[in-house]
Amino acid sequence: MGVVQPLVLAPEGRGAMAYAKGKLVGKLIGPPDKRIEVDFARFAPPAPACGWEYNTAISPGGRWQAVYNCEHFLIFDGKTGQIKEIDLGEKFEEKRWALDAQWSPDGRTLAVRATMGRLPNPFSFLLLVDPWIGEVREVSVLRPSYIHNLAWSPNGRFILLSGTISETNRVSYRLIDLSTGQEHPLYLLPPEVRGGSSFAWSPDGDNLLINCTKPGEGALCIIQVEVQQ
């Protein structure tokens with residue numbers, strides 16, 4: 001059928017659609033079982049640098065979906081089928097684009113790990129995007145110099161980052177307090193442990209699950225989290 005990425009929610013979240021011949025095409029799940037089409041031609045791949053690839057992130061509740069690649073950052077309304085494009089701006093006179101996007105727990109904000117130019121490059125930084133008014137704000141992060149992963153805390157107050165410090169090539173962690181704008185370094189793993197760039201919060205926010213690999217071994221570590229007010 002010539003169907004390629006992106007795969008997005010059908011209106012009202014009752015199905016899925018994929019790009020085919022200039023449109024997002026799919027079917028609704030459950031009665032009435034009918035074909036739906038949403039015009040996607042103006043965002044259609046292939047893009048010069050990123051080809052046919054799109055990434056997606058579904059909001060809590062499932063209505064909204066971020067659909068993005070190195071050319072576009074789109075917000076798709078799964079209820080109405082409308083598509084809104086958000087300009088992520090520029091850095092060093094080059095277009096910023098999203099490597100990864102994650103919705104806040106309340107579904108109001110997107111944390112975006114962004115870069116610019118072409119990969120591979122040593123640049124990665126944190127953006128906060130308000131999709132409802134199109135506001136994009138870069139969050140100053142002293143270190144790490146390259147962000148690998150990010151995750152919202154379950155209460156939505158914090159964003160945890162992992163990345164590489166260029167001088168030592170070691171994984172570093174930073175906890176960004178969005179209520180104050182402060183950046184806190186975290187020392188989660190001992191020096192002999194490698195890895196650690198991948199992690200996840202427990203649903204209650206009391207623990208972190210981290211890949212903690214010693215030479216010749218593979219392991220997961222559970223680390224208790226205590227944040228002082």
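Side chains of L126 and R113 form no contact here, defined as non-hydrogen atoms less than 4.5 Å apart. With contacts defined as side-chain heavy-atom distances shorter than 4.5 Å, the pair Q65/I75 does not qualify. Using a 4.5 Å heavy-atom cutoff, the side chains of L178 and I159 are in contact. Counting heavy atoms from C-beta outward, F199 and L209 have side chains that stay 4.5 Å or more apart. Under the 4.5 Å side-chain criterion, counting only non-hydrogen atoms from C-beta, S124 is in contact with L99. Residues N55 and N69 have side chains not in contact (no heavy-atom distance under 4.5 Å, counting atoms from C-beta outward). Between V8 and V38 the shortest side-chain heavy-atom distance does not fall below 4.5 Å. Residues L74 and K84 fail the side-chain proximity criterion, which asks for heavy atoms closer than 4.5 Å.
Y68 contributes atom OH, which lies 9.0 Å from atom CG of L110 (distance to the nearest 0.5 angstrom). R157 contributes atom CZ, which lies 13.0 Å from atom CH2 of W152 (distance to the nearest 0.5 angstrom). With values rounded to the nearest 0.5 angstrom, S162 atom OG is found 6.5 Å from H148 atom NE2. A distance of 11.5 Å separates CG of D204 from OG of S153, quoted to the nearest 0.5 Å. Rounding to the nearest 0.5 Å gives a distance of 7.5 Å between CG of D87 and CD of E85. For the atom pair CD1 (I36) and NZ (K23), the distance works out to 12.5 Å, reported to the nearest 0.5 Å.
Cluster note: I58 groups with L9 through ILVMFWY side-chain heavy atoms spaced under 4.5 Å, whether in direct contact or through intervening members.
Of the possible polar contacts, none joining the W97 side chain to the A114 backbone as a donor-acceptor pair under 3.5 Å is found. In this structure, the side chain of N121 engages the main chain of M116 through a donor-acceptor pair within 3.5 Å. Between the side chain of Q102 and the backbone N or O of L150 there is at least one donor-acceptor pair closer than 3.5 Å. Side chain of S104 to backbone of T109: a donor-acceptor contact under 3.5 angstrom is found.
For the pair R35 and E37, the salt-bridge criterion is met [side-chain N within less than 4.0 Å of a carboxylate O]. Under a 4.0 Å N-O distance rule, the pair R174/E183 qualifies as a salt bridge. Taking 4.0 Å as the cut-off between side-chain N and carboxylate O, E138 and R96 count as a salt-bridged pair. Ion pairing between D130 and R108 fails under the 4.0 Å rule for side-chain N and carboxylate O.
Residues H184 and D177 share a closest heavy-atom pair of NE2-CB, 4.3 Å. Across D39 and I83, no two heavy atoms sit closer than the pair O-CD1, 3.8 Å. In terms of heavy atoms, I86 sits closest to P131 at CD1-CA, 3.6 Å. When all heavy atoms are compared, the tightest approach of A151 to W201 is O-NE1, 3.4 Å. When all heavy atoms are compared, the tightest approach of S202 to P154 is O-CG, 3.3 Å. Smallest separation of non-hydrogen atoms from W132 and G107: CZ2-O, 3.4 Å.
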Item to check | Stepwise ring pair (Phe, Tyr, Trp, His ring centres under 6.0 Å) check, F40 with Y54 | outcome: CA-CA 13 Å; F40 197 72; Y54 273 85; 5.7 Å; yes

Item to check | Stepwise side-chain contact (heavy atoms from CB on, under 4.5 Å) test for L7 and T56 | outcome: CA-CA 8 Å; L7 183 68; T56 60; 5.9 Å; no

Checklist entry - How far apart are the C-alpha atoms of E94 and F123, what are their side-chain angles, what is the distance that settles it, and do they pass the side-chain contact (heavy atoms from CB on, under 4.5 Å) test? => result CA-CA 12 Å; E94 292 197 61; F123 303 108; over 6 Å; no

Item to check | Stepwise side-chain contact (heavy atoms from CB on, under 4.5 Å) test for Y173 and L161 | outcome: CA-CA 6 Å; Y173 305 93; L161 307 175; over 6 Å; no

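No continuous path of hydrophobic side-chain contacts links L208 to Y187 [ILVMFWY only; heavy atoms under 4.5 Å]. Under a hydrophobic-cluster definition in which Ile, Leu, Val, Met, Phe, Trp and Tyr are linked whenever side-chain heavy atoms come within less than 4.5 Å, directly or via other members, I133 and L128 are assigned to different clusters.
Counting non-hydrogen atoms of other residues, nucleotides and ligands closer than 6.0 Å to NZ of K27 gives a total of 12 or fewer. By the 6.0 Å contact criterion, CD on E90 is enclosed, its count of non-hydrogen atoms from other residues, nucleotides or ligands being greater than 12.
Geometrically, K91 engages F125 in a cation-pi contact defined by less than 6.0 Å to the ring centre and at most 45° from the axis.
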